[in-house]
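A quick write-up on the structure given underneath.
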Amino acid sequence: MTPSEFGKKVYNAIKGKWKLAFFSAVCMGLLIHMPVMLSDIPNHDGLDSMHFDQNMITSGRWLLSVACGFSSYYTLPWLIGLIGLVFLGVAAAALVELLEVERGWAVVVCSGLLVSFPALASTFAYVFTLDGYMMALLLSVLSVLCVKKWRRGFLPGSVCLACSLGIYQGYLSFAMILALFAVVMLWAGRESWQEKWKKTLHYLYMGILGAVLYYGMLQVLLWIQGKELDTYQGINGMASGPFARMAGIFTDLAGMYRDFGAFTLKGGVVFNNWISLAAVVLLGVAAVVSVFLLLHDRKGWKNPFFFVIMGVSVAVLPLVTNIVLLISPEVTYHLLLRYQWVLFPIGMVALASWKGYTGKSQDAVGLEEMEKTGGNPKTGDFVKCVSGRERLLCQWVAVLAGGALVFFYGVTDNIGYSNLQKRYEKTYAYCVRLLDRIEQTEGYYTGIPIAMVGVVGEDPYPVTDITWPVTGNMIGLNGDILLYRGDNYREFIRHYLGATLNILPPESMGEMYYAQEYVEMDSFPGKDSIRIIDGIMYIKTENRDR
């Protein structure tokens with residue numbers, strides 16, 4: 001078999017909806033995220049990661065270095081972005097297979113939602129890890145898909161979950177929501193009770209085995225490298241998790257529900273204008289109507305236990321979505337950790353697009369019955385006719401509302417990218433002026449120790465960001481300037497201005513930070529904002545006047 005013949009055979013073996021999902025995700029991803037992929041615009045963390053081997057094992061990410069190794073360890077936005085979109089395209093194909101999305105329009109909308117949700121834009125702001133994070137997302141989807149498709153799929157699924165956690169723990173909620181969705185779909189099916197219980201337990205087995213594999217591999221690699229878990233984001237308390245806080249467990253659970261409601265309704269991400277709000281509401285209505293039609297098709301109303309499963313699933317959904325808060329309540333909840341919210345509009349589209357289970361699509365059945373009876377259907381046929389029309393209406397609502405969300409999410413992403421570009425320009429102009437002042441200060445010499453605070457004062461440089469109402473929660477894309485720490489100045493000036501400064505660590509300020517002499521100094525660009533005291537150059541950039 002020639003390479004061409006082999007390639008053609010593989011291509012023909014791939015389902016049409018997989019191809020459609022993949023190419024839709026990649027093409028729309030390019031259209032939306034091209035501005036940041038064609039630029040070299042860092043955020044504050046990116047300044048330290050121009051070349052970084054991604055060995056983050058002390059943060060529990062023991063596979064991140066391998067996952068990011070495909071694109072080298074240099075920050076190459078175009079290459080990393082392409083690799084990330086390829087992983088995301090495969091994830092879209094796996095997602096539509098898992099959710100049983102069959103209609104072409106629904107496949108396109110689901111793929112568009114996946115690549116346009118603003119949490120992905122925040123991930124692009126941290127582009128140096130994007131390819132690895134998208135691999136983690138793909139593995140989290142595959143972990144659930146393996147359980148659904150194979151008899152003993154919980155074994156490969158647990159490996160996928162462990163590897164996903166080993167790259168980035170933030171996508172655990174992604175897998176848990178999909179597993180919950182798969183269980184509900186399972187109990188809405190026509191399998192025997194024994195088969196339903198067995199399959200449900202397989203999802204539980206996958207989660208437990210995946211967590212054990214992840215934690216076991218983490219401990220082995222920590223022992224080999226002679227390291228310990230860091231305190232960053234409370235990762236060092238991962239082993240004990242909620243068990244160490246049983247006394248306050250109810251407080252934690254209540255906080256998870258509050259956070260879920262606050263971010264969903266007031267976070268400005270799921271919707272941020274009246275059109276996107278209307279689109280979300282219409283999608284929700286279409287999904288609910290489709291569920292009732294599905295219950296009618298499958299006679300689900302005759303199975304009271306299904307309603308118990310539905311009720312429990314709805315009740316635990318906020319907890320599953322916010323599982324990171326149960327593991328570490330002190331975590332700084334970046335938008336990167338909230339990507340799982342995209343599964344709600346995707347799930348709504350999937351529900352609205354489902355076909356019936358009579359061998360042909362239910363939207364056609366009712367119309368056929370109407371034609372057979374000459375417009376005067378019998379009672380049973382009339383129900384089918386109404387069902388068919390409602391299903392058609394749900395589809396139109398889903399495609400229009402879902403398409404509107406994709407568009408407005410894409411607009412939000414590009415507002416964030418526009419502000420990121422402006423942050424870079426403002427930082428560049430600020431650092432040019434600062435470097436010139438440093439070099440013109442009497443007593444300066446190359447390599448002089450420099451002590452400074454990273455924040456930029458708002459009195460001489462007031463806030464000029466006009467995108468805050470949109471980008472307020474888009475970590476990495478919001479704000480006015482890229483500088484937060486002294487080493488941010490060092491790296492920015494080194495990589496973008498071609499100068500090397502000997503900026504000392506924060507503790508070098510010592511008692512000087514509280515000294516009256518420092519308090520009385522002007523904030524940059526004031527005349528007295530730079531002083532050389534005992535051989536150290538002190539630079540005051542903040543508004544510290546007391």
Side-chain angles (χ1 to χ4, degrees), residues 17 20-36 85 88-89 91-92 95-96 99 101-124 177 181 263-291 293 335 338-354 363 389-419 467 469-474 477:
K17 71 173 183 179
L20 181 60
F22 176 84
F23 288 113
S24 297
V26 172
C27 291
M28 282 189 280
L30 286 173
L31 288 174
I32 293 170
H33 304 291
M34 189 79 76
V36 73
L85 288 178
L88 205 56
L95 196 59
V96 298
L99 300 179
V101 180
E102 300 295 337
R103 302 181 190 277
W105 65 264
V107 171
V108 174
V109 172
C110 288
S111 300
L113 288 168
L114 187 66
V115 299
S116 63
F117 195 67
L120 182 61
S122 280
T123 310
F124 263 100
I177 294 173
F181 199 90
F263 179 78
T264 302
L265 300 176
K266 300 180 180 180
V269 175
V270 179
F271 53 84
N272 57 24
N273 56 42
W274 71 268
I275 300 178
S276 56
L277 171 60
V280 171
V281 172
L282 289 173
L283 266 182
V285 172
V288 171
V289 172
S290 297
V291 169
L293 293 176
L335 187 57
R338 296 188 186 268
Y339 198 4
Q340 61 271 22
W341 262 263
V342 74
L343 292 176
F344 300 133
I346 287 177
M348 294 174 188
V349 172
L351 286 170
S353 70
W354 271 353
D363 47 7
R389 287 175 175 171
E390 289 176 342
R391 198 176 292 275
L392 280 173
L393 180 60
C394 287
Q395 291 181 50
W396 276 107
V397 168
V399 70
L400 294 176
L405 276 182
V406 172
F407 175 78
F408 282 105
Y409 286 160
V411 171
T412 298
D413 297 343
N414 278 270
I415 291 173
Y417 295 149
S418 175
N419 189 58
T467 68
V470 178
T471 64
N473 278 324
M474 298 178 69
L477 297 171

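Please read all numbers here as calculations on a predicted model, not as lab measurements.
The side-chain heavy atoms of Val108 and Val406, taken from C-beta on, include no pair separated by under 4.5 Å. Residues Asn419 and Leu477 fail the side-chain proximity criterion, which asks for heavy atoms closer than 4.5 Å. No side-chain heavy atom of Val397 sits less than 4.5 Å from a side-chain heavy atom of Val285. The closest side-chain heavy-atom distance from Leu120 to Val342 is not below 4.5 Å. Side chains of Trp341 and Val269 form no contact here, defined as non-hydrogen atoms less than 4.5 Å apart.
Without hydrogens or angle criteria, Ser290 side chain to Ala286 main chain gives a donor-acceptor distance under 3.5 Å. A side-chain donor-acceptor contact under 3.5 Å links Tyr339 to the backbone of Leu114. Without hydrogens or angle criteria, Asn414 side chain to Tyr417 main chain gives no donor-acceptor distance under 3.5 Å. Side-chain N or O atoms of Tyr409 include one that pairs as donor or acceptor with a backbone N or O of Val270 at under 3.5 Å. The backbone N or O of Asn273 sits less than 3.5 Å from a side-chain atom of Ser276, completing a donor-acceptor pair. The closest donor-acceptor contact from the side chain of Ser111 to the backbone of Ala21 lies under 3.5 Å.
Separation of atoms CG (Leu88) and CZ (Phe22) is listed at 10.0 Å; rounding is to 0.5 Å. Distance check, rounded to the nearest 0.5 Å: OG1 of Thr123 to CE of Met474 gives 9.5 Å. Taking CG of Leu405 as the start and CG of Leu400 as the end, the distance is 11.5 Å to the nearest 0.5 Å. The CD1 atom of Ile415 sits 7.0 Å away from the CG atom of Asn272 when rounded to the nearest 0.5 Å. Rounded to the nearest 0.5 angstrom, Phe263 CZ and Asn473 CG are separated by 6.0 Å.
Atom CZ of Phe407 has 12 or fewer neighbouring heavy atoms from other residues, nucleotides or ligands inside a 6.0 Å radius.
In terms of heavy-atom proximity, Ile32 sits nearest to Ser116 at CD1-CB, 3.5 Å. Considering all non-hydrogen atoms of both residues, Met348 and Gly284 come closest at SD-N, 3.6 Å. Residue Val289 comes nearest to Cys394 through the heavy atom pair CG1-SG, 3.6 Å, listed as atom of the first residue, atom of the second, then distance. When all heavy atoms are compared, the tightest approach of Ala121 to Asp413 is CB-OD1, 3.4 Å. Across all non-hydrogen atoms, the minimal contact from Leu335 to Pro118 is CD2-O, 3.7 Å. Gly89 and Val26 get closest at one heavy-atom pair: CA-CG2, 4.5 Å.
The aromatic rings of His33 and Phe124 lie parallel to each other, their planes meeting at an angle below 30°, with 60° marking the opposite boundary.
Trp105 does not carry Arg103 over the face of its six-membered ring by the limits of under 6.0 Å from the centre and within 45° of the normal.
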